[in-house]
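First up is the structure itself, then whatever we jot down about it.
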Amino acid sequence: MISSTLMLISAIITVAAGLTGFLLARRFVARRLRFVDAVYSPAAPFLIAALAMVIAWPVSALPLVSATASALFGIGAGLGTASGVKALRRGAITR
């Protein structure tokens with residue numbers, strides 16, 4: 001019973017890490033990096049994903065946080081960056 005509860009909590013943390021990475025990166029690109037030409041590079045999402053994963057890696061030493069959570073945080077940040085750039089190019093974000 002306890003192990004299944006801990007596994008569920010760990011899974012929720014992992015999904016939340018991925019969503020948080022996506023939302024934070026998309027908002028940051030839309031608000032702060034709008035006029036930075038480097039963010040429009042095709043390599044930017046990959047670099048952001050790798051950097052976010054490396055930064056989140058020490059958190060995976062905590063008991064309920066796995067290395068998968070830091071990897072999903074990085075993937076979410078990369079996808080959020082790509083989504084933010086795409087929205088800026090379309091003009092969907094006007095703030």
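Quick note: numbers below take in every heavy atom, side chains included, and nothing from hydrogens, waters or symmetry partners. Since the structure is predicted, the reported quantities are computational estimates derived from the model, not experimental observations.
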Completion exercise
CG of Leu64 to CD1 of Ile9, rounded to nearest 0.5 Å, is 6.0 Å
Problem - Single-linkage hydrophobic cluster Leu79~Leu23, side-chain heavy atoms < 4.5 angstrom - result: yes
Handout entry: Interatomic distance, Leu72 atom CG to Thr20 atom OG1 [nearest 0.5 angstrom]
Key = 11.0 Å
Problem - Interatomic spacing from CG in Leu88 to CZ in Arg26 - rounded to 0.5 Å - result: 8.5 Å
Exercise for the section: Drop me the distance from Ile13's CD1 to Leu8's CG, to the nearest 0.5 angstrom. Expected result: 10.0 Å
Handout entry: Same apolar cluster: Val36 and Phe28, side chain cutoff 4.5 Å
Key = yes
Fill in the blank from the handout: In short, Gly78 meets Ala49 closest at the heavy-atom pair CA-CB, 3.9 Å
Practice task
Treating Ile, Leu, Val, Met, Phe, Trp and Tyr as nodes and any side-chain heavy-atom pair under 4.5 angstrom as an edge, say whether Phe73 and Met53 lie in one connected cluster.
Solution key: no
Exercise for the section: Considering non-hydrogen atoms only, spot the tightest contact between Gly74 and Ala52 and give its length. Expected result: CA-CB, 3.9 Å
Completion exercise
Closest heavy-atom pair, Ala38 versus Ala44, reported as atoms and distance to 0.1 Å, is O-CB, 3.8 Å
Exercise for the section: Tell me whether Val15 is reachable from Phe22 by hopping between hydrophobic residues (I, L, V, M, F, W, Y) whose side-chain heavy atoms are closer than 4.5 Å. Expected result: no
Problem - Closest contact, heavy atoms only, Pro42 versus Pro45 - result: O-CD, 3.5 Å
Handout entry: Expected output: side-chain Thr81 to main-chain Ala77 donor-acceptor under 3.5 Å
Key = yes
Practice task
Report, as yes or no, whether the 6.0 Å neighbourhood of atom CZ on Arg90 holds more than 12 heavy atoms from other residues, nucleotides or ligands.
Solution key: yes
Practice task
Indicate yes or no: at least one non-hydrogen side-chain atom of Thr14 is less than 4.5 angstrom from one of Ser66.
Solution key: yes
Practice task
Work out which heavy atom in Arg89 is nearest to a heavy atom in Tyr40; give both atom names and the distance.
Solution key: NH2-O, 2.8 Å
Handout entry: Interatomic spacing from CG in Leu19 to CG in Leu24 - rounded to 0.5 Å
Key = 10.5 Å
